[in-house]
Amino acid sequence: MSGDQAYDELGARLKEFEGRPAAVAGVGKDPVNTAMIRHWCEALGDTNPAYTGPDAVAPPTMLQAWTMGGLTGHRGRAGAYDELLGLLDASGCTSVVATDCEQEYLRPLRPGDEVTFHTVIEEVSARKATRLGTGYFVTTRMEVRVDGEPVGTHRFRVLKYAPAPRAPRTPRPRPVVNRDNAGFWRGVAEHRLLIQRCTACGTLRHPWLPGCNSCGGPDWDTVEASGEGTVHSYVVMHHPPFPAFDPPYAVALIELAEGVRMVSNVVGVPYDKVRIGLPVRLVFRRYDEELTLPVFEAVNR
């Protein structure tokens, strides 16, 4: 039997679960209460006066909060939902991600309301291929009541999928090494950051060049950088993405203590904390067996 046929047969079996209960006669673990309302509003920064005072109501989007079972779950969970998930797990769809929810509010909930709910398996999609992997979207519909009166509906959708195999990570691009800069890269291999120095006028230069920009002299030697520097300028790379890198990341123009500047990455600090004038220190980071690069980490002062 081909993989497609197996998936089609699984899809047909999963469709049979539509309309079956996922939770029956569920009861909220706590009545609607002002403490949870206050915590919710503080966490979200919601200062709506309707949620405080003697006539307070609960924020409508708290609808699901009053039905959640916590770490111990609910007694009313039906076997059909567990059976559905078990079939998906057995087929290799062992991963799950919540994708979206939809809520409908029929009346405000008030402190003291005791919530009950009933949940059904509303829909199981056909097999879908996503970037995460191939699987099925499962939608449940929860009807929420207080004293038998409908107060809201909550639809919740998850994707149960078989993770797609991860492609091998693309290696970082290799530097172009030629006769003009080979000495620099030999230094990097020895964990030394070498700066060219004109032997005629003493001017330091970077990147490496065959002649001096100041006097034109062709002869040079090197000095080893101390590794201390500051961020002179920077950009944060978001786009275009490149498989060897994990955007967003900071690319900076580093001014070394010796006065020359070089382009490198800033590491050891979130990209959005990089600032002009940020003190940094040289480190050599090994990216794979063949590639070590000089990068700069932020210095805490």
Side-chain angles (χ1 to χ4, degrees), residues 42-45 95-98 130-133 163-198 202-209 212-213 220-301:
E42 288 178 353
L44 297 182
S95 295
V96 62
V97 61
T130 72
R131 291 188 67 178
L132 293 175
R166 291 189 176 183
R169 186 175 179 85
T170 301
R172 281 205 169 211
R174 269 39 186 170
V176 176
V177 181
N178 54 42
R179 64 181 182 179
D180 292 328
N181 65 15
F184 173 80
W185 292 109
R186 282 195 297 269
V188 169
E190 299 169 357
H191 287 198
R192 301 167 64 216
L193 185 63
L194 299 179
I195 304 170
Q196 274 185 315
R197 178 175 58 189
C198 176
T203 300
L204 301 179
R205 62 179 185 261
H206 187 85
W208 281 36
L209 297 169
C212 178
N213 282 330
W220 51 270
D221 60 9
T222 61
V223 295
E224 183 174 354
S226 67
E228 302 296 324
T230 58
V231 173
H232 180 78
S233 182
Y234 73 96
V235 295
V236 175
M237 298 297 298
H238 293 270
H239 193 83
F242 187 77
F245 299 88
D246 297 313
Y249 56 91
V251 178
L253 181 63
I254 305 298
E255 182 162 318
L256 298 176
E258 292 75 15
V260 298
R261 297 170 184 166
M262 66 179 294
V263 175
S264 186
N265 290 118
V266 178
V267 300
V269 63
Y271 70 91
D272 57 353
K273 300 299 182 183
V274 177
R275 294 290 183 270
I276 291 174
L278 179 73
V280 292
R281 180 180 296 119
L282 172 70
V283 293
F284 290 91
R285 175 169 288 189
R286 186 178 184 184
Y287 288 93
D288 56 47
E289 294 182 356
E290 300 176 352
L291 182 65
T292 297
L293 295 175
V295 297
F296 290 84
E297 63 181 8
V299 176
N300 294 322
R301 292 182 179 174

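What you see below is based on every heavy atom in this structure, not just the backbone, and it leaves out hydrogens, waters and symmetry mates.
Contact check for Thr292 versus Arg286: side-chain heavy atoms found under the 4.5 Å cut-off. In this structure the side chain of Pro248 reaches within 4.5 angstrom of the side chain of His238, judged on heavy atoms. Residues Val295 and Phe284 have side chains not in contact (no heavy-atom distance under 4.5 Å, counting atoms from C-beta outward). Residues Pro247 and His239 fail the side-chain proximity criterion, which asks for heavy atoms closer than 4.5 Å. Using a 4.5 Å heavy-atom threshold, the side chains of Phe296 and Leu256 count as touching.
At least one donor-acceptor pair under 3.5 Å links the side chain of Trp208 to the backbone N or O of Leu194. A donor-acceptor pair under 3.5 Å is formed between the side chain of Tyr234 and the backbone N or O of Val274.
Here the straight-line distance linking atom OH of Tyr287 with atom CZ of Arg172 works out to 4.0 Å at 0.5 Å rounding. Atoms CZ and CG, on Arg192 and Leu282 in that order, are 12.0 Å from each other to the nearest 0.5 Å. The line from NE2 of His206 to CZ of Arg261 is 12.5 Å long, rounded to the nearest 0.5 Å. Here the CD-CD1 distance, from Glu258 to Ile195, works out to 4.5 Å after rounding to the nearest 0.5 Å. Separation of atoms CD (Glu228) and OG1 (Thr230) is listed at 10.5 Å; rounding is to 0.5 Å.
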If you look only at distance, which donor and acceptor atoms sit under 3.5 Å apart when one is on a side chain in residues 262-272 and the other is two or more places apart or in another chain?
from: Ser264; atom 1: OG; to: Pro294; atom 2: O; distance (Å): 2.8
from: Asn265; atom 1: ND2; to: Ala250; atom 2: O; distance (Å): 3.2

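The two atoms that bring Ile254 and Gly229 nearest to each other are CG2-CA, 4.5 Å, heavy atoms only. Residues Asp180 and Asn178 approach most closely at N-OD1, 3.0 Å, considering heavy atoms. Of all the heavy atoms in Ala244 and Pro173, the pair that sits closest is CB-CD, 4.4 Å. Met237 approaches Val251 most closely through the heavy-atom pair CG-CG2, 3.8 Å. Minimum interatomic distance between Arg197 and Gly202 (heavy atoms only, all atoms of both residues): CG-O, 3.7 Å. Closest of all the heavy-atom pairs between Arg205 and Cys212 is NH1-CA, 3.5 Å.
In this pair, Tyr249 and Phe245 present their aromatic rings parallel. The plane angle is below 30°, not in the 30 to 60° band.
For Arg174, the salt bridge (Lys or Arg N to Asp or Glu O under 4.0 Å) partners two or more places apart in sequence, or in a different chain, are Asp288, Glu290.
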